[in-house]
Peer 1: 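Pasting in a structure now, in structure tokens, and then I'll have a few things to ask.
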Amino acid sequence: MTLRTRITLLTAGLLLVAFLVLGFALEGLLRNFLYGSLRADLKEAANQVVRLLNLGGQALLEAGLPPSLYAEVQLLPEEDPALLAREGGISLQKSPALGSQRLLLQEADYRTLLERGEVWAKVELPREGRPLPLLVYARRVEVNVAGSVWEGALLVGRPTEDLEATLSQFARIYAGTALFVLLLSLFLARGLVARALEPLEWVARRAEAMTERPEPLPEPEGEDEVASLVRALNGMLSRMQKAFEAQTRFLQDASHELRTPITAILGHVGYLLRRTPLTEAQRESLEIVKREAERMGKLVSDLLDLSQSGTWRIEPVPVRVLDLLEEVREEFKRSFEGEIRVEAPPEVWVRGDPNRLHQVLANLLANAIKAKAKTIHLKAFGLGERVLVRVEDDGEGIPKEHLPHLFERFYRVDKARDRERGGSGLGLAIVKAILEAHGGEVWVESEVGKGTAFSFSLPASGPPPPPP
């Protein structure tokens, strides 16, 4: 997941949480306000009825309960909450809104009313369709009937349908608005993040286009974070460049200096082997010295080649692959006891340095011979803009755990065996460096006991133009 996507999703997540918290807070405030207003209206209506009761029961009977309220005055001859919940108190008077229905509370509500003197309750009146929900305020009152004072209950209620409809409408409007703002914010955030990260993407593109040798990046104008990052990267690249040049110079100087004593050692050993009488033990020791000196000489040559991997002067020209494979076969067929077969269409050409490509194939064939191959098959295929070349052998094969490391410098599958065969551990590293310098790539497939196949691809080319 890209940084742009992560920042956009994080922004969306934060906005979503903020909208949810704000929505619940606003809905709670609106609910409290509406129900608070309803409770205040019900209490005011209850106080008006109580004032009529204080004037005597006859005044209440004459004035009647407000018609817009769902209200009822009940006498409470019994204080058993279970009985009251089943039958209610004796109805002294009901508002016209109730009609023939009764306001009956739950047992727990009647118990609270008898204990505390007042209670808020929710009641549902049966009707066609859904029941009608009411918020009811009940309080104990004293009713004067025919000169006698009785314990009674005043129940005053109003429907809550309009309040719940208002809250539902608010929730729908808020959800739609929040969704629109969230989508708009996502679109704007993605554009702003893309604009903010554009300098970093430019730095990444320039870094990806950089060759093996570190080069400084163009520094943008300004003093922002991106400019500071580019300056820091350029400082690091400058130090890397100096270290790279120092390492290359050391490797080249050491390789050149080592060639002279190795040549002297080989010359003197050769002279002793040819011109002096030796015992069998002396001859064996000198043969070992010669073999190790030759291995050292090859190692020095490989190191010198590898040190030039970044400065090789490659002169690419159209090269016919069939001619290249035939040339390598002619070079190795005298020293190789097995069979080398070539299979390549004559019309397949690549663009590269023929000497360096010859070196690549020579290294791969030398590896196949060291692996005790009996047959080596050189193949080439045209694949549109690329050309695939394979070097297959039926040698010992390479275990799978070694395959990812074969192209590392000084890596050997079997160090003791490779040393005996004159291997330096640099041949495949040189192969990879040469092919990458040509814009190609190399990979290997192998199975122990069945053989190994090295494959590499190069840019295709057409034949050279005919001479004038």
Side-chain angles (χ1 to χ4, degrees), residues 211-212 298-333 335-336 340-345 348-371 373 375-383 385-393 395 398 403-413 418 421-446 451-461:
T211 59
E212 290 185 357
K298 184 177 185 307
L299 176 60
V300 170
S301 298
D302 289 346
L303 282 172
L304 186 59
D305 286 343
L306 204 57
S307 69
Q308 296 172 346
S309 61
T311 58
W312 277 332
R313 293 184 59 187
I314 295 177
E315 299 178 359
V317 296
V319 179
R320 187 159 68 170
V321 179
L322 179 59
D323 295 340
L324 189 63
L325 299 182
E326 290 287 356
E327 179 183 333
V328 175
R329 179 173 68 171
E330 289 295 326
E331 178 182 344
F332 279 85
K333 73 177 183 179
S335 59
F336 181 52
I340 302 177
R341 291 182 291 180
V342 173
E343 180 183 343
V348 174
W349 295 71
V350 296
R351 186 168 183 81
D353 189 316
N355 294 326
R356 293 300 179 185
L357 295 181
H358 181 95
Q359 185 179 0
V360 168
L361 290 169
N363 276 334
L364 294 180
L365 261 71
N367 278 352
I369 294 173
K370 291 175 186 177
T375 303
I376 301 176
H377 201 171
L378 305 179
K379 299 180 180 180
F381 310 92
L383 302 175
E385 297 182 355
R386 308 286 291 184
V387 173
L388 176 66
V389 181
R390 287 175 64 86
V391 179
E392 301 175 354
D393 67 70
I398 304 170
L403 296 180
H405 308 285
L406 284 182
F407 298 99
E408 297 176 3
R409 300 179 182 183
F410 299 106
Y411 187 83
R412 297 188 183 96
V413 175
D418 288 350
R421 297 173 180 176
S424 64
L426 290 174
L428 292 179
I430 293 174
V431 166
K432 182 180 180 182
I434 293 174
L435 291 174
E436 288 180 347
H438 281 77
E441 55 182 343
V442 61
W443 63 95
V444 60
E445 306 162 49
S446 185
T452 304
F454 283 91
S455 305
F456 61 88
S457 68
L458 290 169
S461 173

Peer 1: Which heavy-atom pair separates Ser455 from Leu388 by the least distance, and what is that distance?
Peer 2: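 Minimum heavy-atom separation between Ser455 and Leu388: CB-CD1, 4.0 Å.
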Peer 1: May I have the step-by-step check of side chain to side chain contact (heavy atoms under 4.5 Å, CB included) for Val342 and Val328, ending in yes or no?
Peer 2: CA-CA 10 Å; Val342 173; Val328 175; over 6 Å; no
Peer 1: State the CD-CZ distance between Glu445 and Phe454, to the nearest 0.5 angstrom.
Peer 2: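 So the gap between those two atoms works out to 10.5 Å.
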Peer 1: Mind checking the CD1-CD spacing from Ile340 to Glu330? Nearest 0.5 Å is all I need.
Peer 2: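 Answer for the CD1-CD pair, Ile340 versus Glu330, is 9.5 Å.
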Peer 1: What pairs with Arg320 under side-chain contact (heavy atoms from CB on, under 4.5 Å), at least two apart in sequence or on another chain?
Peer 2: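 Scan of Arg320 (side-chain contact (heavy atoms from CB on, under 4.5 Å), adjacent residues dropped) gives Leu322, Asp323, Pro346, Trp349.
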Peer 1: Taking Ala453's backbone N and O only, do any of them form a donor-acceptor pair with Ser446's side chain (distance below 3.5 Å, no angle check)?
Peer 2: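 Absent.
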Peer 1: Answer whether the closest heavy-atom distance between the side chains of Leu428 and Val442 falls below 4.5 Å.
Peer 2: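 Side chain of Leu428 against side chain of Val442, heavy atoms only: no contact under 4.5 Å found.
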Peer 1: What's the spacing between Asp353 CG and Gln359 CD if we round to 0.5 Å?
Peer 2: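 Interatomic distance, Asp353 CG to Gln359 CD, rounded to 0.5 Å: 9.5 Å.
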Peer 1: I need the minimum non-hydrogen distance between Pro318 and Arg351, along with the two atoms involved.
Peer 2: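 Nearest heavy atoms, Pro318 then Arg351: CD-NH1, 3.8 Å.
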Peer 1: Rounded at 0.5 Å granularity, tell me how far NE2 in His377 sits from CG in Asp393.
Peer 2: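 Answer rounded to 0.5 Å: 12.0 Å.
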Peer 1: Quick one: does Val360's side chain get under 4.5 Å of Ile430's, heavy atoms only?
Peer 2: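 Counting from C-beta outward, Val360 and Ile430 never come under 4.5 Å.
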Peer 1: Using salt bridge (Lys or Arg N to Asp or Glu O under 4.0 Å) as the criterion, list what pairs up with Glu331, not counting sequence neighbours.
Peer 2: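 So Glu331 forms no salt bridge (Lys or Arg N to Asp or Glu O under 4.0 Å) with any residue.
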Peer 1: Please give me the minimum heavy-atom distance between Gly352 and His438, naming the atom from each residue.
Peer 2: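 Taking Gly352 first and His438 second, the nearest heavy atoms are CA-CD2, 3.3 Å.
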Peer 1: What pair of heavy atoms forms the shortest contact from Leu458 to Gly440, and how long is it?
Peer 2: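 Smallest interatomic distance, heavy atoms only, reads CD2-CA, 4.2 Å.
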Peer 1: In Å and rounded to the nearest 0.5 Å, what is the CG to CD1 distance from Asn363 to Ile434?
Peer 2: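 The CG atom of Asn363 sits 7.0 Å away from the CD1 atom of Ile434.
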Peer 1: If you take all heavy atoms of Leu325 and Ala380, which pair is closest and at what distance?
Peer 2: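 Closest pair (atom of Leu325, atom of Ala380, distance): CD1-CB, 4.3 Å.
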Peer 1: If you compare all heavy atoms of Pro354 against all heavy atoms of Leu324, which two are closest, and at what distance to 0.1 Å?
Peer 2: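 The pair with the smallest heavy-atom distance is O-CD1, 4.0 Å.
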Peer 1: Rounded to the nearest 0.5 Å, what separation is found between the NE2 atom of His358 and the CG atom of Leu361?
Peer 2: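 Separation between the atoms: 8.0 Å.
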